Amino acid sequence: MNKLFFDTGILYRGSRHILFFSFTVLCFTGILFVQNGSNNLLHTFWVTFSNAIFFFSYAYITIFLLIPEFLLKQKIVWFLLVFLLVGVGLSALKLVVSDVIFYSTISPENVERTGAMNLRFIVVNTKDMTFIVALFCIAKYVKDYLFAENMRKKLERQNKEAQSKLLQSQFDPHFMFNTINNLYALSLLNPLKTNEVIKRMKTVLSYIIEESQKSFVRLTDEVELVENYILLEKLRYGKRLKVELAKHGKLVELILPPMILFLLVENSFKHGSSLDAGTPWIKIEVKSEAGKIFLSAENSKPKSIVKTDGDSEKRKRFKSLKERLDIIYHPSGYKIKVEEKDTYFKVNVELKQDIEYRQTTYR
């Protein structure tokens, strides 16, 4: 049905015009038949059909020729002049073609007057056709407006999806290289554990490739991704790294954009524990409360740490996260709070679950 109204293909456009013409003729045939109390339905249909050809001709000439060539080019005087001349010309042509067709709609009592070129009736007929053409023009441009608005929304949605995919694809692959190196070392030291690590790595990569392309994913799936990621990273750090993952509230059925929690956790590993030669720690919290998701990632900072290019990269990554959430949520639908002290770095993200706060939907 949407294609029938908005598709610009020749088949659909032709079908629209034929259906509209047929509906108009049948509708006015019924009205005139009842109004005039005629006993000849076929004659009424023929008169209406013939008149409709002139009315539609005037409408099409105006919409597809006069408006584009004169009105849209700001030639208003020329438009009015040619518009009236075309109307008068078609009215005169209709009178020449058939007195019955001409007088039947504006003055039925004069149907028997043959050969009389009555200027007054020509003007009246032109006025009636002008009114109908005006209605046609309104209908045409309302349809064009709805089509343009539909296209605008579609392009806007596609643009947002493209931006979102671009932003979420800014994934740092450093952990994959680290995991592959650790996997190689593990295969030499403890071959029995290699299969388990490969399975977890496969799960993580599968999620990144497939699930991350969705607009929203289940929170429980994102948590599972992070759990697998933590176990893979622990191969690298061993027992010196302490990681706590706390889950509170009912997390089932909750959704969020993919890779949000993962980005927070990955950032804690990259800019926290990887720079700490001592005993680094990471605290992750996932909580559901009052229709909101609360995500928190906190990591230790060594006392000896100094500001490096990594700090600017870190700011860039959270700016990227904010840009992505701006696309997906309304401004009141989320909050990001970054807290940095001498001994720790913490990021809190709050996401509202109500669909009214989202600009895209779960699929």
Side-chain angles (χ1 to χ4, degrees), residues 5 8-36 38 40-148:
F5 284 106
T8 56
I10 294 175
L11 178 63
Y12 288 102
R13 290 184 68 182
S15 299
R16 280 198 298 271
H17 290 290
I18 292 171
L19 285 172
F20 184 56
F21 180 83
S22 302
F23 173 79
T24 304
V25 170
L26 292 174
C27 185
F28 278 94
T29 297
I31 292 172
L32 290 173
F33 183 74
V34 174
Q35 188 177 32
N36 297 335
S38 174
N40 194 335
L41 180 61
L42 187 62
H43 174 75
T44 305
F45 172 78
W46 176 75
V47 169
T48 306
F49 178 83
S50 303
N51 270 291
I53 290 176
F54 286 95
F55 278 98
F56 273 76
S57 297
Y58 194 17
Y60 285 160
I61 290 171
T62 301
I63 292 171
F64 296 108
L65 181 62
L66 302 185
I67 290 177
E69 287 299 318
F70 297 107
L71 193 60
L72 296 182
K73 294 179 181 179
Q74 305 297 314
K75 299 177 182 178
I76 299 173
V77 175
W78 276 105
F79 169 76
L80 293 173
L81 180 62
V82 177
F83 177 71
L84 291 174
L85 286 175
V86 170
V88 171
L90 285 172
S91 294
L93 179 63
K94 186 164 67 167
L95 179 59
V96 170
V97 170
S98 172
D99 295 341
V100 174
I101 296 172
F102 182 82
Y103 287 112
S104 61
T105 55
I106 58 172
S107 183
E109 65 274 10
N110 290 307
V111 167
E112 300 302 325
R113 290 181 55 184
T114 58
M117 185 66 76
N118 193 315
L119 182 61
R120 184 172 70 86
F121 284 126
I122 288 177
V123 172
V124 172
N125 186 78
T126 303
K127 174 182 71 67
D128 290 348
M129 287 204 301
T130 301
F131 175 73
I132 299 298
V133 168
L135 294 179
F136 277 29
C137 289
I138 291 171
K140 166 73 167 58
Y141 286 100
V142 165
K143 193 270 293 183
D144 286 350
Y145 170 79
L146 293 174
F147 175 76

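A quick note: this is a predicted structure, and the numbers were derived from the prediction, not measured.
- Surrounding CZ of F64 are more than 12 heavy atoms belonging to other residues, nucleotides or ligands, all under 6.0 Å away.
- Considering all non-hydrogen atoms of both residues, T24 and F56 come closest at OG1-CZ, 3.8 Å.
- Here the shortest heavy-atom pairing between I63 and Y141 reads O-OH, 4.0 Å.
- Taking CG of L93 as the reference point, atom CZ of F54 lies at 4.5 Å (rounded to 0.5 Å).
- From F55, atom CZ reaches atom CZ of F21 across 11.5 Å, with rounding to the nearest 0.5 Å.
- Residues E69 and K75 share a closest heavy-atom pair of O-CD, 4.2 Å.
- A heavy-atom distance below 4.5 Å is not found between the side chains of L19 and F23.
- Atom CG of L65 and atom OH of Y60 lie 14.5 Å apart (nearest 0.5 Å).
- The minimum heavy-atom distance linking L66 with F83 is given by the pair CD1-CA, 3.7 Å.
- In terms of heavy-atom proximity, A59 sits nearest to F136 at CB-CD2, 3.1 Å.
- L80 contributes atom CG, which lies 11.0 Å from atom CG of L85 (distance to the nearest 0.5 angstrom).
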